Amino acid sequence: LAEEHDAIREVAAELLPLTRAFADGSLDDAGWQALSRGTLELVERQVAHIQKEEMALLPLLDDLLDDETDRQLAMDYTAA
């Protein structure tokens, strides 16, 4: 999963200058095509990655965390 995180970060880094150009109105047609392709790639990677996390990682947490620890982590997260 860590390798997938790295790949997602790489795609996001490629999209950042394109989104900035779009925001300031300087994105040309080639840039728009690259932004469109890159955005679709990012979404596809994220959906596949999230599905893996939900099917593999989250069930492990049920085995690793007792109810009180899970509750405390949830409270700490919402307070942040």
Side-chain angles (χ1 to χ4, degrees):
L1 292 175
E3 290 175 5
E4 290 180 8
H5 285 184
D6 292 340
I8 290 168
R9 282 188 199 97
E10 287 176 20
V11 174
E14 292 171 8
L15 290 175
L16 186 58
L18 296 168
T19 57
R20 287 184 175 145
F22 176 77
D24 70 21
S26 65
L27 191 66
D28 61 12
D29 287 340
W32 176 253
Q33 301 239 344
L35 178 60
S36 179
R37 279 191 310 272
T39 301
L40 289 173
E41 178 183 351
L42 180 63
V43 169
E44 288 174 4
R45 286 179 181 269
Q46 286 183 319
V47 167
H49 182 75
I50 290 167
Q51 288 173 340
K52 285 181 187 177
E53 286 183 340
E54 286 181 348
M55 291 186 309
L57 187 60
L58 293 180
L60 291 176
L61 293 177
D62 287 334
D63 295 335
L64 295 173
L65 300 175
D66 59 64
D67 288 342
E68 180 56 32
T69 303
D70 186 38
R71 195 173 6 268
Q72 186 60 49
L73 287 170
M75 294 299 288
D76 291 348
Y77 178 78
T78 57

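For clarity, every value in this text was computed on a predicted model and none was experimentally measured.
Rounded to the nearest 0.5 Å, atoms CD (Glu68) and CG (Leu73) are 10.0 Å apart. Interatomic distance, CG of Leu65 versus CZ of Arg71, reported as 11.5 Å (0.5 Å rounding). To the nearest 0.5 Å, atoms CG (Leu27) and CZ (Arg20) are separated by 13.5 Å. Rounding to the nearest 0.5 Å places CD1 of Ile8 at 12.0 Å from CD of Glu44.
When the side chain to side chain donor-acceptor pair (under 3.5 Å) test is applied to Asp28, no partner is found at least two apart in sequence or on another chain. For the side-chain contact (heavy atoms from CB on, under 4.5 Å) test, residues two or more places apart in sequence or in another chain that qualify with Glu4 are Leu1, His49, Lys52. By the side chain to side chain donor-acceptor pair (under 3.5 Å) test, Ser26 pairs with Asp24, sequence neighbours left out.
Taking a cutoff of 4.0 Å between a charged side-chain nitrogen and a carboxylate oxygen, Glu41 and Arg37 do not qualify as a salt bridge.
Looking only at side-chain heavy atoms (C-beta outward), Asp70 and Leu61 stay at 4.5 Å or farther from each other. Residues Asp6 and Arg9 form a side-chain contact, since some pair of their non-hydrogen atoms from C-beta on lies under 4.5 Å apart.
Leu18 approaches Leu35 most closely through the heavy-atom pair CD1-N, 3.7 Å.
If you chain together hydrophobic residues whose side chains sit under 4.5 Å apart, Leu42 and Trp32 fall into the same group. When the side chains of ILVMFWY residues are joined at heavy-atom separations under 4.5 Å, either directly or via intervening members, Leu16 and Phe22 end up in two distinct hydrophobic clusters.
Donor-acceptor pairing under 3.5 Å is lacking for the side chains of Gln33 and Asp29.
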